[in-house]
Number of protein chains: 2
Amino acid sequence: MAGKSSPFQMDLFFQALGDNTRLRLLNLMGNREICVCYLVEVLEQGQPKISRHLAYLRRAGIVAARRDGKWMHYRIVMPPNAGAAQVLSQTLAWLKEDRAMQADRARLSKACCNPAKFVALQGAPLPVPVDRPLES
Amino acid sequence: MAGKSSPFQMDLFFQALGDNTRLRLLNLMGNREICVCYLVEVLEQGQPKISRHLAYLRRAGIVAARRDGKWMHYRIVMPPNAGAAQVLSQTLAWLKEDRAMQADRARLSKACCNPAKFVALQGAPLPVPVDRPLES
DNA sequence: CTAACATATTCGTCAATGCGTATAAATAAG
DNA sequence: CTTATTTATACGCATTGACGAATATGTTAG
């Protein structure tokens, strides 16, 4: 009965982390569930580009999505593989120390403080912390 | 005077880890400096392929090479960036727990025990542990 | 010098990836 | 229903990467 523990594809896992836009997205998610519109606004990248990278991360099992009306919220989920989970946690901690990543988070905070000032964020749902940010 | 701490390219670092052959190479290096001929023999892959992946890892600053006559020895070097070093160490530990990686290391041990049995390894220099395996 | 050996690089091909543009799909509002 | 809004996907194109085969480079032996 015990399901065959699928041989985790380490290379695919690292490939998912091997893109700056995806790292920026993970950095912005951190411990919160966040609406796509914020990601587009903060990163100042085209919406299809953001969406494609989110889909890539979703296929890699690193993030999960939840629909809320028109809005989609993304959050980080820890991979079932223990090694992958550790590396991912470590990577998220690493992101926190990176200058550019800190700047991204600052921009997110600013956008969250007054979403009204950002044309694209009128009435958008605020990011919300996730209970156990790093577990699936 | 203080050199500008080059903004570490995290995405390139992860890209270097995003290939199974390269992960297998890193796994075989582990704490030792190892001759290319063993890598080719153990992984049963074409020599140019191995050489190309080693060059990739070298450009990424993850391994270093030392020439010893006809032979080239490769070893892992820890990246200067602290976050990268932690992730790399973690990844090496992760590799140790992987089935397929363990099999590779077993094959390496066997080849080291009697290099004479492998046609390609006549007189090849044995791998040798590195003092401080994980520092540059 | 030449020959043999170990390793690196080049070349041509193919698949994968990233991008912008355009369009589709899903939902909400009127 | 139609329209607007939010997100996802399809398309075409350029770049990158991985591969095998062939070739080049570097070293040692004779």
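Below, chains carry the letters A, B, ... as their sequence lines are ordered, and counting in each starts from 1. All of these numbers come straight from a predicted model, not from anything done at the bench.
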When the distance from CZ of B:Arg66 to P of C:dA6 is rounded to whole Å, what number comes out? 17 Å
Could you check whether any side-chain N or O of B:Glu33 sits under 3.5 Å from a backbone N or O of B:Arg75, counting only pairs where one atom can act as donor and the other as acceptor? no
Side chain of A:Arg58 (C-beta onward), nearest among D:dT7, D:dT9, D:dG20: D:dT9
Calculate the interatomic distance between B:Met72 atom CE and D:dT25 atom P; express it in whole Å. 16 Å
Nearest-angstrom distance from the residue atom OH of A:Tyr56 to C1' of C:dT17: 7 Å
Compare side-chain N and O positions of B:Arg67 against OP1 and OP2 of D:dT27 and report whether any pair is under 4.0 Å apart. yes
Is the shortest side-chain N/O distance from B:His73 to OP1 or OP2 of C:dT7 below 4.0 Å? no
For the pair A:Phe13 and B:Trp94, name the ring-plane relationship: parallel under 30°, tilted 30 to 60°, perpendicular over 60°. perpendicular
Where the side chain of A:Ser51 is concerned, which of D:dT7, C:dC19, C:dT17 is the nearest nucleotide? D:dT7
Atom pair distance, as rounded to whole Å: CD in B:Glu44 and P in D:dG20: 13 Å
Out of D:dA18, D:dG17, C:dT7, which has the shortest distance to the side chain of B:Asp19? D:dA18
Could you tell me the separation between the CD1 atom of B:Ile50 and the P atom of C:dA8, rounded to a whole number of Å? 11 Å
Respond yes when some side-chain nitrogen or oxygen of B:His53 is under 4.0 Å from OP1 or OP2 of D:dG17, and no when none is. no
Show me the pairs that pass ring pair (Phe, Tyr, Trp, His ring centres under 6.0 Å) and involve residues 40-63 of chain B, at least two apart or across chains. none
Whole angstroms only, please: what is the CD-P distance between A:Glu41 and D:dT7? 11 Å
May I have the distance from A:Asn20 (atom CG) to C:dT17 (atom C1'), rounded to whole angstrom? 15 Å
For the pair A:Gln102 (side chain) and A:Lys96 (backbone), establish whether a donor and an acceptor sit closer than 3.5 Å, ignoring hydrogens and angles. yes
Given D:dA8, is OP1 or OP2 found less than 4.0 Å from the side-chain N or O atoms of A:Gln47? no
Is the backbone of A:Met101 close enough, under 3.5 Å, to the side chain of A:Asp98 for a donor and an acceptor to pair up by distance? yes
For B:Tyr38 and C:dA6, is the shortest distance between a side-chain N/O and OP1 or OP2 below 4.0 Å? no
Verify the contact: side-chain N or O of B:Lys70 to OP1 or OP2 of D:dT28, cut-off strictly under 4.0 Å; return yes or no. no
Using heavy-atom distances to pick each residue's nearest nucleotide on DNA chain D, tell me which of B:Arg52 and A:Tyr74 is more 5'. A:Tyr74
Under 4.0 Å, counting only non-hydrogen atoms across every strand here, what does A:Gly69 touch: a base, just sugar-phosphate, or nothing? sugar-phosphate
Send over the distance from A:Trp71 CH2 to C:dT27 P, rounded to a whole Å. 14 Å
